[in-house]
Engineer: 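Before I ask anything, let me first share the structure, which is written out below as structure tokens.
Order of the sequence lines fixes the chain letters, A, B, ..., with proteins taken first and strands second; residue numbering starts at 1 for each chain.
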Amino acid sequence: MHTLSLQIRDIVGENVNLCYQCEKCTSGCPVSLEMELVPAQIMHAAQLNLKQKILSANSIWLCASCETCTTRCPQGIDISKVMDALRIIARREKVKARIPSVPRFYNLCLLSLRLVGCIYEMGVAGFLRMRSGTLIKDMPLAKEFISKGKIRFLPKFRNVKKINRIISRVKKYESV
Amino acid sequence: MKYPFYPGCSMHSSAKEYLASFQAISRYFGVELEEVKGWTCCAPTAVHGISPLLSTAIPASNLASIEADGKDCVMVPCAACYSRFKCAAHEIAKSKETAKKVNDCIGYEFKNSVKILHPLEIYNEIKHELVIKELSKINVVAYYGCLLTRPPEVKQFDDCENPQSMDNILRMIGLNVIDWSFKTDCCGATFNLTNKEVFMRLTGKILAEAKKAGADIIAVACPLCQVNLDSYQYEMKEPNIPVLYFSQLIGLAYGIDGKELGLDRHFVKCEEVIEECLKR
């Protein structure tokens with residue numbers, strides 16, 4: 001069984017052991033305020049192989065991939081990619097997400113890519129709002145989006161075959 | 001000048017006014033835009049949290065078809081698509097193994113020879129001397145968001161902490177550009193769908209800071225930032241600040257009709273704000 005740091009290196013090629021806890025990532029992170037483990041703590045926990053601690057915190061699902069941490073890390077660690085790797089590990093190992101709407105959003109986007117060839121915004125947004133129980137509250141906004149032509153009511157199919165061909169070939173190398 | 005041009009999904013839906021204004025100013029400057037044939041989705045946000053290879057292969061397949069068409073560059077106005085394209089090109093250049101896998105997945109020997117351009121780079125080079133409309137009474141802040149500049153070694157676009165390209169353009173076309181500290185702060189991306197509270201805090205902060213800096217308008221270059229900053233203001237107590245694409249402001253300065261620029265398509269009404277500023 002691989003340690004967490006090796007797993008991360010396998011998936012995104014980043015070495016978390018380079019981190020020396022300067023906390024620049026955390027100071028710049030726009031969502032560290034809401035995180036149970038801030039980015040520097042995630043890096044430390046990854047070094048210590050504390051997988052459960054990381055995957056059971058809300059942090060990886062709060063990361064917006066804004067890449068401020070990546071930009072500022074003096075060790076050149078792409079922390080945003082480390083977060084990606086952790087989300088991928090959580091997905092592969094079927095860990096229950098602390099903020100389930102995020103992996104749900106990911107799955108819907110992938111499903112949409114497969115069926116429509118692009119992100120069917122109306123379907124993805126509608127389904128997520130339905131699950132979060134805010135569909136009715138957001139109806140007026142949705143109506144305005146539709147009336148302004150800012151969102152399509154029906155999906156626009158775009159090169160579905162080509163996308164699916166790529167997905168099926170990617171599966172040779174990675175689980176999708 | 002003729003540029004191959006990749007619109008991406010949003011420019012045909014939520015950001016139609018970005019497309020319209022971009023096409024209008026391109027016509028004005030004699031830049032010909034040629035939509036890339038058979039383009040697919042760029043595989044945004046969610047995909048790199050599922051499969052890094054897939055999030056590289058899909059944009060690479062688009063770049064590959066541009067390359068196969070004999071073109072050496074592509075214009076990508078959507079910051080999210082621009083980011084995916086640049087990241088894919090970077091990953092492929094960085095690792096032979098990734099390049100080999102990607103080639104296998106897309107069924108093409110990709111040489112990575114396509115230069116990826118953002119319109120800000122083009123319009124920064126034009127000398128804006130023939131501006132028609134006097135806009136100096138409008139105070140504006142330029143908001144770049146995350147994806148245009150970060151990470152810097154991938155994007156190679158402007159300064160990542162204090163970018164200037166949009167500021168320069170806006171200044172050249174005569175607007176009063178205000179310096180502020182939130183140019184590259186995160187707008188919350190897709191969190192409007194998944195973490196609404198966090199999302200409202202992030203957009204609220206940016207809007208409040210723009211107001212505090214004295215801005216009448218926020219200028220953006222990303223469809224996602226535009227939607228996020230514009231469409232949820234009605235839920236907030238204070239902010240009532242229009243969020244316009246930089247291309248719309250360029251169009252305005254050159255006297256292009258507001259309707260053609262899609263100024264009426266925003267949630268926060270901007271035409272009245274502009275009128276009021278000009279009366280000052």
Engineer: Is chain A contacted by the side chain of B:T56, its backbone, both, or neither, given a heavy-atom distance below 4.5 Å?
Structural biologist: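 For B:T56, there is no contact with chain A at all, as no heavy atom is under 4.5 Å.
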
Engineer: Evaluate the ring planes of B:W39 and B:Y6, with Trp represented by its six-membered ring, and classify them as parallel (under 30°), tilted (30 to 60°) or perpendicular (over 60°).
Structural biologist: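 Aromatic pair B:W39/B:Y6 classed perpendicular.
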
Engineer: What I'd like to find out is whether the side chain of A:P30 reaches to under 4.5 Å of the side chain of B:C186, using heavy atoms alone.
Structural biologist: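 The answer is yes; the side chains approach within 4.5 Å.
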
Engineer: Report the option among A:I163, A:I151, A:T70 that has the most heavy-atom pairs separated by less than 4.5 Å from atoms of chain B.
Structural biologist: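 If we count pairs closer than 4.5 Å to chain B, A:I163 comes out on top.
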
Engineer: Do you know which of A:I167, A:L110, A:L62 has the most heavy-atom pairs under 4.5 Å to chain B?
Structural biologist: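 Ranked by heavy-atom pairs under 4.5 Å with chain B, first place is A:L62.
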
Engineer: Relative to chain A, which segment of B:E153 carries a heavy atom at a distance below 4.5 Å: side chain, backbone, both, or neither?
Structural biologist: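 Contact with chain A: none, neither part.
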
Engineer: Check this for me: does any side-chain nitrogen of one of A:E93 and A:K51 sit under 4.0 Å from a carboxylate oxygen of the other?
Structural biologist: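 A:K51 and A:E93: salt-bridged.
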
Engineer: Are A:E144 and A:K150 within salt-bridge range, i.e. N to O under 4.0 Å?
Structural biologist: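 Not counted as a salt bridge, because no side-chain N and carboxylate O are separated by less than 4.0 Å.
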
Engineer: Among A:V160, A:L128, A:I11, A:L141, which has the most heavy-atom pairs under 4.5 Å with chain B?
Structural biologist: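 Looking at each option in turn, the highest pair count goes to A:L141.
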
Engineer: For B:F157 and B:Y82, take the angle between the two ring planes, folded into 0 to 90°, and tell me which bin it lands in: parallel under 30, tilted 30 to 60, perpendicular over 60.
Structural biologist: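 Rings of B:F157 and B:Y82: perpendicular, over 60°.
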
Engineer: Given heavy-atom pairs under 4.5 angstrom as the criterion, report whether the side chain, backbone, both or neither of B:E197 touches chain A.
Structural biologist: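 Neither part, no heavy atoms under 4.5 Å.
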
Engineer: Name the region of B:V227, side chain, backbone, both or neither, that has any atom closer than 4.5 Å to a heavy atom of chain A.
Structural biologist: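 Only the side chain of B:V227 comes within 4.5 Å of chain A.
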
Engineer: State whether the number of non-hydrogen atoms from other residues, nucleotides or ligands found under 6.0 Å of B:K196 atom NZ is greater than 12.
Structural biologist: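 Result for NZ/B:K196: enclosed.
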
Engineer: Checking B:K16 against chain A: side chain, backbone, both or neither under 4.5 Å from a heavy atom?
Structural biologist: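 For B:K16, side-chain heavy atoms alone lie under 4.5 Å from chain A.
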
Engineer: State plainly whether the residues B:R265 and B:E17 are in salt-bridge range, i.e. N to O under 4.0 Å.
Structural biologist: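 Salt bridge: yes.
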
Engineer: Does the side chain of B:I206 come within less than 4.5 Å of B:W180's, by heavy atoms?
Structural biologist: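 Yes - at least one pair of side-chain heavy atoms lies under 4.5 Å apart.
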
Engineer: Chain A: which of B:C42, B:A46, B:P44, B:C41 shares the most heavy-atom pairs with it under 4.5 Å?
Structural biologist: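 Option with the top pair count is B:A46.
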
Engineer: Please determine, among B:S95, B:P52, B:A43, the option with the most heavy-atom pairs under 4.5 Å with chain A.
Structural biologist: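 That would be B:P52.
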
Engineer: Check whether A:C29 gets within reach of chain B through its side chain, its backbone, both or neither, counting any heavy atom under 4.5 Å.
Structural biologist: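 For A:C29, no heavy atom lies under 4.5 Å from chain B.
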
Engineer: Closer than 4.0 angstrom, basic N to acidic O: yes or no for A:R169 and B:D104?
Structural biologist: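 Salt bridge absent between A:R169 and B:D104.
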
Engineer: Which one wins on heavy-atom pair count under 4.5 Å against chain B: A:G149, A:G117, A:C118, A:S65?
Structural biologist: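 Among A:G149, A:G117, A:C118, A:S65, the one with the most close pairs to chain B is A:G149.
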
Engineer: Where does B:F267 contact chain A at under 4.5 Å (heavy atoms): side chain, backbone, both or neither?
Structural biologist: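 Both the backbone and the side chain of B:F267 come within 4.5 Å of chain A.
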
Engineer: Is B:E209 salt-bridged to B:K212, cutoff N-O under 4.0 Å?
Structural biologist: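 The answer is yes: the pair qualifies as a salt bridge.
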
Engineer: Heavy-atom distances under 4.5 Å only: say whether B:L202 touches chain A with side chain, backbone, both or neither.
Structural biologist: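 Looking at B:L202, just its side chain touches chain A.
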
Engineer: Contact part of A:R104 toward chain B, heavy-atom cut-off under 4.5 Å: side chain, backbone, both or neither?
Structural biologist: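 For A:R104, neither part sits under 4.5 Å from chain B.
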
Engineer: Check the orientation of B:Y108 and B:F110. Use parallel for under 30°, tilted for 30 to 60°, and perpendicular for over 60°.
Structural biologist: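 Ring orientation, 0 to 90° scale: tilted.
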
Engineer: Looking only at heavy atoms and a cut-off of under 4.5 Å, which of B:C105, B:S83, B:S61 has the most pairs with chain A?
Structural biologist: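 Going by pairs under 4.5 Å, I would pick B:C105.
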
Engineer: Counting only heavy atoms closer than 4.5 Å, note whether B:S231 contacts chain A via side chain, backbone, both or neither.
Structural biologist: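 Contact with chain A involves both backbone and side-chain atoms of B:S231.
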
Engineer: Can you tell me which of A:K148, A:R165, A:K172 forms the most heavy-atom pairs within a distance under 4.5 Å of chain B?
Structural biologist: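 Among the listed options, the one with the most contacts to chain B is A:K148.
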
Engineer: Pick from A:L108, A:V116, A:L33, A:N107: which one has the most heavy-atom pairs with chain B under 4.5 Å?
Structural biologist: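 Ranked by contacts with chain B, first place is A:L33.
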
Engineer: Any salt bridge between B:D185 and B:K205, counting N to O under 4.0 Å?
Structural biologist: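 The answer is no: the pair does not qualify as a salt bridge.
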
